[in-house]
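Here the structure comes first, spelled out in C-alpha cells, and everything after it is commentary.
Order of listing sets the numbers, starting from 1, for every ligand and every atom in it.
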Amino acid sequence: MTEGVGKKMLYLASDHAAFGLKGELEKELDAMGVKYDDLGVHGGGRKADYPEFVGKAASKVSANPKSDRAIVMCGTGMGACIAANKYPHVRAALIYNDGTAALAREHNDANIACFGGREQDGRDVKRWVRIFLQTPFSGDERHVRRIAQIEESERNARR
Ligand code: RB5
C-alpha cells in the first residue's frame, strides 16, 4: 500500500471483462511499490461471474472495514459496485473522474473503489486509483454523522 494508507491490505478482484484492466493496474501498483492481493479472476479466458470474485474482496474488506481497501472491476463497474455494497461495512464507490476519486474518500470514507474495464480508459483508472489510495477521509462531523446513518440503516435491514 502507499505511504498514505500505511500497513493496510489492498485486494484486487475482477471478472473476465476487466481482467485486462486488473493486469494494467497491477503493473502500476508494482511501479508504485504498493503491495496487493489479487483474488482473481486468474485468467481472462473464461466467463467469470463478477459477484463471485468481487465477493472475495468485499468479504475481506467487510472483516476489516477501517483498514483494508479493495479495487473491484467488471465491464461497467456497476455490477461490481452493487455486489460489493451487499457486504456489511463496505462502502464501495463507482469512480469516474478525479473529483469522485477524491470525494469518495473525503466525504464517503469509501473502502472499495469500482471501475469498468469496458467503459473506462486504463490511464484514467490508474490516476484515479492513486488519488483514491492517497486521499484521507476528511473526518468532518457531517460526514461522520452520515456514515453512522448508513451503518444504522444496515443494522436495521439485517433485523
Ligand atoms: C459481463 O459481460 C458484464 O455484464 C459485467 O462485467 C458487468 O459489466 C456487469 O455489471
Next on the checklist: Does this structure show an ion pair linking Glu24 with Lys27, if we count only N-O contacts that are shorter than 4.0 Å?
Outcome noted: no
Next on the checklist: I'd like to know if Glu151 and Arg91 make a salt bridge, using a cut-off of under 4.0 Å between side-chain N and carboxylate O.
Outcome noted: yes
Next on the checklist: So, taking the atom named OG in Ser14 and the one named CE in Met73, what distance separates them when rounded to the nearest 0.5 Å?
Outcome noted: 5.5 Å
Next on the checklist: Looking at Thr135 and Arg105, would you say the former's side chain and the latter's main chain have a donor-acceptor pair under 3.5 Å?
Outcome noted: no
Item to check | Asn64 side-chain N/O to Ser67 backbone N/O, donor-acceptor pair under 3.5 Å | outcome: no
Item to check | Residue, atom name and distance, where the atom is the protein heavy atom closest to atom 9 (C) of ligand 1 | outcome: Tyr50 CE2, 3.4 Å
Next on the checklist: Please check whether Thr76 reaches ligand 1 - meaning an N/O of the residue sits under 3.5 Å from an N/O of the ligand, judged on distance alone.
Outcome noted: yes
Checklist entry - What atoms of ligand 1 come within less than 4.0 Å of a heavy atom belonging to Gly75? => result 5 (C), 6 (O), 7 (C), 8 (O)
Next on the checklist: Quick check: Cys74 and ligand 1, any N/O pair under 3.5 Å apart?
Outcome noted: no
Checklist outcome for this item: If we number the atoms of ligand 1 from 1 as shown, the ones under 4.0 Å from a heavy atom of Ala17 are 6 (O)
Item to check | Shortest non-hydrogen contact between Val61 and Ala70, atoms and distance | outcome: CG2-CB, 3.7 Å
Checklist entry - Against heavy atoms of Gly79, which atoms of ligand 1 measure under 4.0 Å? => result 10 (O)
Next on the checklist: Is the contact between Asp15 and ligand 1 made by the side chain, the backbone, both, or neither, using heavy atoms and a 4.0 Å cut-off?
Outcome noted: side chain
Next on the checklist: Do Tyr11 and Phe53 sit in one hydrophobic cluster, given that two such residues count as connected whenever their side-chain heavy atoms are within less than 4.5 Å of each other, even indirectly?
Outcome noted: no
Checklist entry - Under a heavy-atom criterion of less than 4.0 Å, does Arg118 contact ligand 1? => result yes
Next on the checklist: Checking contacts now, so for atom 4 (O) of ligand 1, which I'm interested in, is there any protein heavy atom under 4.0 Å?
Outcome noted: no
